[in-house]
Amino acid sequence: MTTYTPGWFALSALTLALSPTVWAQQSQDQANAQAQAQNELEKIIVTGVPQRRTVMASSVSVSSISAQQISVATPRTTAEAFRLLPGVRSESTGGEGNANIAVRGLPVAAGGAKFLQLQEDGLPVLQFGDIAFGNADIFMRLDNTVQSIESIRGGSASTAASNAPGGIINFISKTGESESGSIATTLGLDYDEFRTDFEFGSYLSDTVRFHIGGFVRQGEGPRDTGYTGNKGGQVKANLTKEFESGYVRVYLKHLDDRSTGYLPMPMYANGDSLPGFDALSDTPHSVLFTQTQGLGANNEVRRADMRDGMHPQVDSVGVEASFELSNDWKIENRFRVAKVKGTFNAPFPAEVGSAQSIAESIAGEGATLKYANGASAGSQFSAENLMRIHTFDVEMQDFGSLVNDIKLTKQLGDTALTFGYFASEQAIEMSWLWNSYLLELKGQNAALLDVFAADGTAFSDNGLYAYGTPAWGNCCQRNYNTDYSTRAPYLAVSSQVGDLTVDASVRYDSGEASGTYAGAVVSQRDVNADGEISKPEEQVAGIDLANPSLVDYDWHYTSYSLGANYQLSPTRAVFGRFSEGARANADRLLFGKVNADGSVAKEDAIDEVTQLEFGLKQRLENGSVFATAFYAQTEEQNFEATSQRFFDREYEAHGIELEGVYFVGSFDFRGSLTWTDAEIAKDALSPEVVGNTPRRQADFIYSLMARYNMAQGAVGLSLLGSTDAYAQDNNELKFDGYTQVNAFASYDMTDDLSLSLNVNNLFNAVGITEAEEGIIPDSGIIRARTINGRTTSITVKYQF
């Protein structure tokens, strides 16, 4: 009997659609193709610009991805959708969040989206995109309420938003401009996922409209955890009141969604899987390792659930108002208050190596190991290797924010003057509550291990051998309660003289940081309250609440940007821009860069970015092409939790960014390619790496998409890829490049009901995005994150 995979059906559908017979049956409407090409350059930019202009007339690098284009690419996470944007390197291997996101060679030295700002409807999700274990993408979800994803890249973002010298990625919501809605249910065919999306918008009266939607889901997710790791959902709504001269809109959002956070996992340096641990589908998460016990934020005895994973909880209210005033004035204001908290809980393999060596490092020479739980509980453990696990157990008590952005625009003929003022308050209150365990090196349902001294004395309790992380010097019992206040007046001038558009903008950011932070203190404590002090209880790491350190510093910097766009003909334009921007540093300065009086050196408080770019926009008969050459010089102060390292560097990068779209009848093709040549120009702490390529920076990244629209459906393919890149800055261990192929096919069963098949990573490619090691150890085993293996889903969608 022949067996067919879901991926085979997707390819068969594509082959059928491209066959000469079907091709002959499809009429190629050239006029329609030309109209679509025209629309690409006539889109109005709304993100990061003081005045709305078309793409063709603007001097910024901007891209917009529609909801329909996203569906063809079949992203499984929010960050995976970012990979469709030109110039954006999104390492979307952390699950539904915790992605490393960079743009145009600006570095990702320690995770997150440091030089980018992630926005929803024009306001930041968090004021700092790289908060340790609280990256901004954790607190946003892509669903059917999103009309499009718009991004600007390069220096123009420096004056458009605070802490965004590299660019802005903005989720733009549907607002009910047409009476329509949909409900869609997605079922994983070869992985455990069940999700329902819904959305509906309409007019309540001639001047009042609304939109509401969201999703609910549950399932194990794309990797084998052994339990339901993804569970929860989101509801978003907005209400718009239109007036003769403008509108007022209210936004609501409620997000409560648990998702598994994937950290580096064991595999061979060439990307091959270890025996018993599949790099594409396994994870150190285990149904036998769901609870961790230790001390909490106030040194109370507490238990945490590893199944909580990344668990954002967000309740926000926003108001947006825009009015045309008399005498050619216009006022716009955006406001949002958000209550934000959550958890980050995931197992991190601090060491993968010889079982005997690790056991003896804990219990001395002659130490032995036994299974602590599972089917083999109590029996001797004799495998060659095991994992030393540090539980990245983080409570985010308060990430709440209050943001307001107001601007006035005066039109003086063909010149527009914009005066604006941005203000935000961002809380960062969190606790790191890490413990240490031993876990067998196995992919599914790995068991915990207990370690014993040669005389039989137990040095662990149900796999836990330390309250804290003594292998890392008990670095990571931490608590901080800090607030960051930002104020930024800005001014922009834009003028159009014939075919020439010139714009200039300046922004002055100032801020204050205040609060306290405290590190670890070790003491003896009967944690399990059994009246005895076990070996782990002899040295229990808690938080030194009695001796907090002070945070009391301020910062300020000026950003400016000069740009011009010249339309050489109706089908061709060139633009150029020079920008100076910066980014304030927040929690990653703590525990090393803050002085005893709470102050911070100016060179540590902010990182400056200088950028230069030149571009060409060309409209073709049936498409368009953008080409942008860029240069960036970046300062970097950072701290990385996994390596316990600070960074003090300068980087230089230059490259070329290409983006194009082409329409042929019922076909459309889209793609982007970015070439980047980057190097570490200076390093105050590790001068030996000067001249090297920054870690994880590939020469080429690309996104290619093809879609064919039929009378009753569509088929498409998307290719997302990267050339090889170095694991670390020493440039000794290199990852191979990879191409991830996703497939999409849909069929309209009726005018309103459709069925679609989505295959992510069709050919089961291995794509390593990061690793902890910089050289290959003797064992050949590294700890790395790779893209997930093939996952196939089917969606039934009803539109009304």
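No experiment lies behind these values; they were computed from the predicted model shown. Positions are given from 1, in the same order as the sequence printed here.
When only modelled atom types and interatomic distance are considered, T610 and Y631 share no side-chain donor-acceptor pair under 3.5 Å. Looking at E395 and S431, their side chains never bring a donor and an acceptor atom within 3.5 Å of each other. A donor and an acceptor atom, one from each side chain of T74 and R76, are nowhere located under 3.5 Å apart. Counted by atom type alone, E659 and S63 present one or more donor-acceptor pairs between their side chains at under 3.5 Å. Side-chain contact annotation: D256 with H311, donor-acceptor N/O pair under 3.5 Å present. In this structure, a donor-acceptor pair under 3.5 Å is absent between the side chains of T674 and R89. S173 and D121 are linked by a side-chain donor-acceptor pair at a separation below 3.5 angstrom, with hydrogens and angles left out of the test. For the 3.5 Å distance criterion, the side chains of S162 and D509 qualify, holding a donor opposite an acceptor. A side-chain donor from one of Q117 and Q119 sits under 3.5 Å from a side-chain acceptor of the other. Side-chain contact check for Y517 and N479: no donor-acceptor pair (N or O, by modelled atom type) lies under 3.5 Å.
Ion pairing of R785 with E91 is absent here, as no side-chain N (NZ or NE/NH1/NH2) approaches a carboxylate O to less than 4.0 Å. With respect to the salt-bridge test (charged N to carboxylate O, under 4.0 angstrom), the residues R195 and D197 qualify. A salt bridge does not link E320 with R336: none of the charged nitrogens is closer than 4.0 Å to a carboxylate oxygen. D729 has a carboxylate O that lies under 4.0 Å from a charged side-chain N of R649, or vice versa, which qualifies the two as a salt bridge. A salt bridge is defined here as a Lys NZ or Arg NE, NH1 or NH2 lying under 4.0 Å from an Asp or Glu carboxylate O, and D130 with R583 meets this definition. A salt bridge links R153 to E657: at least one charged side-chain nitrogen sits closer than 4.0 Å to a carboxylate oxygen. In summary, R258 and D308 engage in a salt bridge, as defined by a charged side-chain N under 4.0 Å from a carboxylate O.
Annotation: the span from T634 atom OG1 to D607 atom CG amounts to 9.0 Å, rounded to 0.5 Å. A distance of 7.0 Å separates OG of S722 from CD1 of I701, quoted to the nearest 0.5 Å. With rounding to the nearest 0.5 Å, the separation of CD in Q426 from OG1 in T482 is 9.0 Å. Remark: N760 CG to S718 OG distance equals 8.0 Å, nearest 0.5 Å. Rounded to the nearest 0.5 Å, atoms CD (E679) and OH (Y651) are 12.0 Å apart. Atoms CG and CH2, on D393 and W434 in that order, are 10.0 Å from each other to the nearest 0.5 Å.
The environment of NZ in K341 is sparse: at most 12 heavy-atom neighbours from other residues, nucleotides or ligands sit within 6.0 Å.
For the pair R478 and F591, the cation sits on the ring face: its NZ or CZ lies under 6.0 Å from the ring centre, inside 45° of the axis. The cationic atom of R223 (NZ for Lys, CZ for Arg) lies less than 6.0 Å from the six-membered ring centre of Y262 and within 45° of the ring axis. Annotation: cation-pi geometry satisfied between R507 and F422 (NZ/CZ under 6.0 angstrom from ring centroid, within 45° of ring axis).
Contacts of T391 classified as side chain to side chain donor-acceptor pair (under 3.5 Å), with partners at least two apart in sequence or in another chain: none. Considering only residues two or more places apart in sequence or on other chains, F335 meets the ring-ring contact (aromatic ring centres under 6.0 Å, His included) condition with none of them. In this structure, the ring-ring contact (aromatic ring centres under 6.0 Å, His included) partners of H654, at least two apart in sequence or on a different chain, are W675.
None of N100, N135, N163, N585 except one satisfies the side chain to side chain donor-acceptor pair (under 3.5 Å) rule with K114; the exception is N585.
The closest side-chain heavy-atom distance from R217 to D257 is below 4.5 Å. No side-chain heavy atom of D648 sits under 4.5 Å from any side-chain heavy atom of D683. Contact of the I138 side chain with the F399 side chain is not registered, since no non-hydrogen atoms from C-beta on lie closer than 4.5 Å. Between L658 and S672, every side-chain heavy-atom pair lies at or beyond the 4.5 Å cut-off. The side-chain heavy atoms of R141 and L255, taken from C-beta on, include a pair separated by under 4.5 Å. When side chains are defined from C-beta on, F82 counts as touching I169, because their heavy atoms get closer than 4.5 Å. Side-chain contact between D604 and K602 is absent, with no heavy-atom pair separated by less than 4.5 Å. Residues F115 and V609 form a side-chain contact, since some pair of their non-hydrogen atoms from C-beta on lies under 4.5 Å apart.
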I would like to know whether E80 and I787 meet side-chain contact (heavy atoms from CB on, under 4.5 Å); could you show each step before the answer?
-> CA-CA 10 Å; E80 197 165 311; I787 60 176; over 6 Å; no
Evaluate side-chain contact (heavy atoms from CB on, under 4.5 Å) for Y726 paired with F735, printing each intermediate quantity in order.
-> CA-CA 6 Å; Y726 291 109; F735 304 144; over 6 Å; no
From CA spacing to verdict: salt bridge (Lys or Arg N to Asp or Glu O under 4.0 Å), K253, D315 | CA-CA 6 Å; K253 172 181 170 179; D315 289 291; over 6 Å; no
Apply side-chain contact (heavy atoms from CB on, under 4.5 Å) to the pair R577 and S156, showing each step before the final yes or no.
-> CA-CA 8 Å; R577 180 170 294 276; S156 57; 3.6 Å; yes
Stepwise ring-ring contact (aromatic ring centres under 6.0 Å, His included) test for Y490 and Y421 | CA-CA 6 Å; Y490 56 93; Y421 191 83; 8.5 Å; no
Kindly indicate, with the supporting measurements, whether the criterion side-chain contact (heavy atoms from CB on, under 4.5 Å) is fulfilled by K339 and V314.
-> CA-CA 6 Å; K339 181 180 179 181; V314 180; over 6 Å; no
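Looking at every heavy atom in both residues, V551 comes nearest to L590 through CG2-CD2, 3.7 Å. Between T676 and A653 the shortest heavy-atom distance is CG2-CB, 4.3 Å.
Checked against the 6.0 Å centroid criterion, the rings of F344 and F133 qualify as a close aromatic pair.
Ring geometry for F128 against W555 counts as perpendicular: the plane angle is over 60°, on a 0 to 90° scale with 30° as the lower cut.
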